[in-house]
Amino acid sequence: MTDHVTPPSLEQLEERLKNIDTLDHDALEVESIAILGRKSGALTAALRSIPTLPVDERRSFGAAVNALKARFEEAFEARRSALEGDAGRSGLSGDLSMPARHTWMGAVHPVNQVVHAILGIFRDLGFSVATGPEVEDEWYNFLSLNFPPDHPAMDMHDTMYLAGPSADPQNRLLLRTHTSPVQIRVMQGGPPPYRVVIPGVVYRRDPFDASHAPAFNQIEGLAVDEGIGFVDLKATLTHFAHSFFGSAADVRFRPSFFPFTEPSAEMDIRCQLCAGTGCAACKGTGWMEILGCGMVHPRVLENAGVDSERYTGWAFGMGPARMCLALYGVPDIRMLYEGDVRLLSQFAGAPE
Ligand code: DAH
């Protein structure tokens, strides 16, 4: 039994073929069944009508219907994928002409970039890296380093103590005020020679102003061996300054005082901002103070259990944040610690 459906004329079908491109998703499926449906689709009806045609028309009519069927199938497919593509694109990102959003990349903080650069220079000279605790006792932080017991730096008002007064300096805990106590810990850890650099955070009762912060980074250095003299200190630190600031950098050593070194010195670099003519950053002197240094005091060696008759050494301490200010010409140390991405992002691509 065959359903009796009057087949549309081939001209009508051609018309409907042209309209497929305008159909939406639902109308497309309805039309697809109306044309290709195996039971009552228009093309099926046309094929079924062949036996009713005069014999000499059947072959060409059949061929025309089959050709039309292929074109319909192609047109439905094309329209389907066009609709899917539109839906996929608009579903994902809306306005396709909008510029892509910038991705945020984390970066090493400029002060840490400077720390890494400094450690790298000393690593190339054969120094290894050591670290120590940020909570120290009064013996490590002051007394072992030859601070006299009545030194004002030990005053409760000058240093951040963690516990109340105690008769025993090893019970008086404090936030370390410098990385120098790690010198003692390194020397206690095994026999000389030592060549170490010691990065770390230190704490002081300082105001947060253009050149001070209550918590800041330091890098300590220590070299102890037989026959080490002041010339080794000068040569090594001059080499360091040239590696860090460039070979044209000018340095000078000035006499200074630290309880744990004798003699002691301060190393300055010719001001990187004004080239020595005098500006606000160098307070008109033309020089910037970079680090403190000196020959390790024999009493410090003895306090750490090192034979000061046999061994000598030199040490230094510097602030990487100040080095960062000097290197990049940042006028205020607070700018480095505020976390303002407008400043920090400028260092995102700086070499390590
Ligand atoms: N500890 C000193 C400070 O914080 C810096 C310093 C100076 C360290 C001279 C040293 C040194 O090792 O020899 O101000």
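All ligand and atom numbering here is 1-based and tracks the order in the structure. Along the sequence shown, residues carry numbers from 1. Model, not experiment: these values are computed from the prediction.
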Engineer: Pull out every atom of ligand 1 sitting under 4.0 Å from any heavy atom of A315, numbered as shown with elements.
Structural biologist: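 This gives 12 (O), 13 (O) as the contact atoms.
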Engineer: Checking V196 against S128 for the side-chain contact (heavy atoms from CB on, under 4.5 Å) test, could you report, in this order, the C-alpha distance in whole Å, the side-chain angles of both residues, the deciding distance, and whether it holds?
Structural biologist: CA-CA 5 Å; V196 289; S128 49; 3.8 Å; yes
Engineer: For atom 3 (C) of ligand 1, which of E266, R204, M295 has the closest heavy atom?
Structural biologist: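 Ranked by closest heavy atom to atom 3 (C) of ligand 1, first place is R204.
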Engineer: Of the backbone atoms (N, CA, C, O) and the side-chain heavy atoms from C-beta on, which set of W314 has a member under 4.0 Å from an atom of ligand 1: side chain, backbone, both, or neither?
Structural biologist: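 Near ligand 1, W314 shows nothing, with every heavy atom at 4.0 Å or more.
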Engineer: What part of Q218, side chain, backbone, both or neither, has a heavy atom within less than 4.0 angstrom of ligand 1?
Structural biologist: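 The part of Q218 near ligand 1 is the side chain, not the backbone.
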Engineer: For the residue pair R176 and Y140, would you count it as a cation-pi contact if the rule is NZ or CZ under 6.0 angstrom from the ring centre and within 45 degrees of the ring axis?
Structural biologist: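 Pair R176/Y140 does not count as cation-pi.
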Engineer: Report yes if some heavy atom in the side chain of F260 is under 4.5 Å from a heavy atom in the side chain of H178; otherwise report no.
Structural biologist: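 Yes, close enough: below the 4.5 Å cut-off.
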Engineer: With only distance considered, is T261 within less than 3.5 Å of ligand 1 through an N or O on each side?
Structural biologist: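 No: no nitrogen or oxygen of T261 is under 3.5 Å from one in ligand 1.
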Engineer: R176 near ligand 1, heavy-atom distance under 4.0 Å?
Structural biologist: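 Outside the 4.0 Å threshold, so no.
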Engineer: Looking only at distance, does T177 have an N or O less than 3.5 Å from an N or O of ligand 1?
Structural biologist: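 By distance alone, the answer is no.
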Engineer: Between F240 and F316, does the ring centroid distance fall short of 6.0 Å?
Structural biologist: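 No, the ring centres sit 6.0 Å or more apart.
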Engineer: If I apply the N/O under 3.5 Å rule, does F316 come out as touching ligand 1?
Structural biologist: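 Right, the criterion is met.
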